[in-house]
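We name chains A, B, ... by the order of the sequence lines, and we start the count at 1 in each one.
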Number of protein chains: 2
Amino acid sequence: MGLEERRKRERENRKNAILKAARKLFFEKGFKPVTVESIARKAELSKGSIYLYYNSKEEIYTQILLSDIDKFHDRISDLLQNPSSASEALMRLANIYVDFFLNDRELFRILMTFMLHTSDMNLPEDLNDHIVKTTNKTIGIIEQVLKYGVERGEFPATLNLRQNRNAVWGMLNGIISLHLFTGIEDRRAEVIHGTIKAGLDIFIRGLEISETKETGHGIL
Amino acid sequence: MGLEERRKRERENRKNAILKAARKLFFEKGFKPVTVESIARKAELSKGSIYLYYNSKEEIYTQILLSDIDKFHDRISDLLQNPSSASEALMRLANIYVDFFLNDRELFRILMTFMLHTSDMNLPEDLNDHIVKTTNKTIGIIEQVLKYGVERGEFPATLNLRQNRNAVWGMLNGIISLHLFTGIEDRRAEVIHGTIKAGLDIFIRGLEISETKETGHGIL
DNA sequence: TGAACTATGGTCAGTATATGACCGCTGGTC
DNA sequence: GACCAGCGGTCATATACTGACCATAGTTCA
């Protein structure tokens, strides 16, 4: 209701408008090709105004990635609330993960590079921390789901959690890479989801076979 | 999409916010007791800013009245589109008229004063013109409805249109005055609408009686 | 190879918008 | 009729916005 409050609110709105405009452009073209001028135009502002709200082009970019990561984090956080089965929970997690990157291919590119060589990425520190934290969180959840599967007798009791957790994680990233880096244009979301489902099915069947053969130490 | 366009749009929004805040206050208290400072606070602006958008308190007031009048004008304009009967059309017009003033008692006060002594009101010229135009339009519509009633045999053929038009007009204003000037707080809208309906019923029955007695020259 | 050109992130002097202390006037009080 | 309170309206100051400009890094071409 106040006056100070109104100005604060309007400042926040303007920051969001910039973020929204930038997000769309970055998603379409990646970081480099997007000019600050183009962000300004899309947000119906002048270039100078952009710098009243953010210190650099990179800061805008970072903010977008951070908020995307947070959104993902929120979505997977309540994944284990009431799963009917471990394989269903895995499937849900995989779908969330795929949707996430369909929505921000650039972030996936960064994440993949990050996984390969952490040290020389030169990312802003907070973004770096966020990625590490969320990656660990995601891997942790996969492990929890596997553990849950073991507990309810869905997966063999001898399952090596760490190994299979890594297997799932690797497979997810592998399949998504395959699709996203070989042309997003002609890959409809359903296709990617379908491949992921197929991959997970194979993985889960592998676990069940292992159990019958009593060699259930994982597929890695 | 442009930059100039955004500023224009924001200016318009701010003007509307001021109008909206002012409208509420003027409706509650009338013109005099409302301070520019209070309008500014309600619109989450400083007093000085108000004068960036309007030249005076009076201008704000006038704009509100003008837009109210325009809204009323729009509503009654398509009144004669497809009426089932003349008495129903009269009833609809009466209800629109009552709602109009329930929504802006101050305007009604001005209008009544205006009808009694036009010359010494000292209203801004455009407001003056608007009131004259809309009043004439309203009276004209009443006359048209009566004519329509005569044509379809609902009212006697000998009906004096001008006299009865004035009768309806006077009755409407009289009843509304009665209610609005004797305390709006304890007069629910339904009560006023009820009185209006009763008044119109009496009027219309009078016309019908006139017809059977072949003295249908109106009730005035 | 290096001079000339181009494109773009970031800056800053100038402009537009917003603020609230202040002024002059009016109507009321004693 | 001197004093006061309260309000419409003003204006110096502060904040927000703009786009011409600067520095630099990459690119072209002689």
Engineer: Count the heavy atoms belonging to other residues, nucleotides or ligands that lie under 6.0 Å from NZ of B/Lys29, then report whether that count exceeds 12.
Structural biologist: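 Not buried by this count: 12 neighbours or fewer within 6.0 Å.
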
Engineer: The criterion is side chain to side chain donor-acceptor pair (under 3.5 Å); which residues satisfy it with B/Gln63, sequence neighbours excluded?
Structural biologist: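 B/Gln63 satisfies side chain to side chain donor-acceptor pair (under 3.5 Å) with no residue once adjacent residues are dropped.
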
Engineer: Please report, to 0.1 Å, the donor-acceptor pairs under 3.5 Å made by any side chain of residues 20-28 of chain B, with sequence neighbours excluded.
Structural biologist:
residue : atom : partner : partner atom : Å
B/Arg23 : NE   : B/Asp68 : OD1          : 3.4
B/Arg23 : NH2  : B/Asp68 : OD1          : 3.1
B/Arg23 : NH2  : B/Asp68 : OD2          : 2.8
B/Lys24 : NZ   : B/Glu28 : OE2          : 3.3

Engineer: Rounded to 10°, tell me the angle between the two end axes of the helix from C/dT1-D/dA30 to C/dC30-D/dG1, each built from five pairs.
Structural biologist: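 Axis angle across the helix from C/dT1-D/dA30 to C/dC30-D/dG1, nearest 10°: 10°.
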
Engineer: With no hydrogens and no angle check, is any side-chain donor or acceptor of B/Tyr148 less than 3.5 Å from a backbone partner on B/Pro83?
Structural biologist: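 Such a contact is found between B/Tyr148 side chain and B/Pro83 backbone.
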
Engineer: Determine the minimum heavy-atom distance between A/His193 and A/Leu102, stating which atoms define it.
Structural biologist: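 That would be NE2-CD1, 4.4 Å.
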
Engineer: So where does chain B start and stop touching DNA chain D, 5' to 3', when the test is distance under 4.0 Å to a non-hydrogen atom?
Structural biologist: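 Answer, 5' to 3': D/dC7 to D/dG19.
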
Engineer: What pairs of residues pass the salt bridge (Lys or Arg N to Asp or Glu O under 4.0 Å) test when at least one of them lies in residues 79-96 of chain A, not counting sequence neighbours?
Structural biologist: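 Of all non-adjacent pairs touching residues 79-96 of chain A, those that pass salt bridge (Lys or Arg N to Asp or Glu O under 4.0 Å) are A/Glu88-A/Arg92.
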
Engineer: Residues of residues 47-57 of chain B with any non-hydrogen atom less than 4.0 angstrom from an atom of DNA chain D: list those, numerically ordered, please.
Structural biologist: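 Contacting residues: B/Lys47, B/Tyr51, B/Ser56, B/Lys57.
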
Engineer: Can you name the side chain to side chain contact (heavy atoms under 4.5 Å, CB included) partners of A/Ser56, sequence neighbours left out?
Structural biologist: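 Applying side chain to side chain contact (heavy atoms under 4.5 Å, CB included) to A/Ser56 gives A/Glu58, A/Glu59.
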
Engineer: I'd like to check the side chain to side chain contact (heavy atoms under 4.5 Å, CB included) partners of B/Ala40; sequence neighbours left out, ordered by chain and number.
Structural biologist: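 B/Ala40: side chain to side chain contact (heavy atoms under 4.5 Å, CB included) contacts with B/Ile50.
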
Engineer: Which residues pass the side chain to side chain donor-acceptor pair (under 3.5 Å) test with A/Thr195, not counting sequence neighbours?
Structural biologist: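 If we apply the side chain to side chain donor-acceptor pair (under 3.5 Å) test to A/Thr195, skipping adjacent residues, the hits are A/His179.
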
Engineer: What residues, two or more places apart in sequence or in another chain, satisfy ring pair (Phe, Tyr, Trp, His ring centres under 6.0 Å) together with A/Phe108?
Structural biologist: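 Partners of A/Phe108 by the ring pair (Phe, Tyr, Trp, His ring centres under 6.0 Å) criterion, ordered by chain and then number, come out as A/Phe101, A/Phe181.
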
Engineer: Partners of A/Lys15 by side chain to side chain contact (heavy atoms under 4.5 Å, CB included), sequence neighbours excluded?
Structural biologist: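 Per chain and number, A/Lys15 pairs via side chain to side chain contact (heavy atoms under 4.5 Å, CB included) with A/Glu12, A/Tyr53, A/Tyr54.
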
Engineer: What's A/Arg11 touching, base or sugar-phosphate or nothing? Going by heavy atoms closer than 4.0 Å.
Structural biologist: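 No contact at all - A/Arg11 keeps every heavy atom at 4.0 Å or more from the nucleic acid.
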
Engineer: What is the first contacted nucleotide of DNA chain C and what is the last, in 5' to 3' order, if contact means an atom lying under 4.0 angstrom from a heavy atom of chain A?
Structural biologist: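 Nucleotide range in contact with chain A: C/dT8 to C/dG20.
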
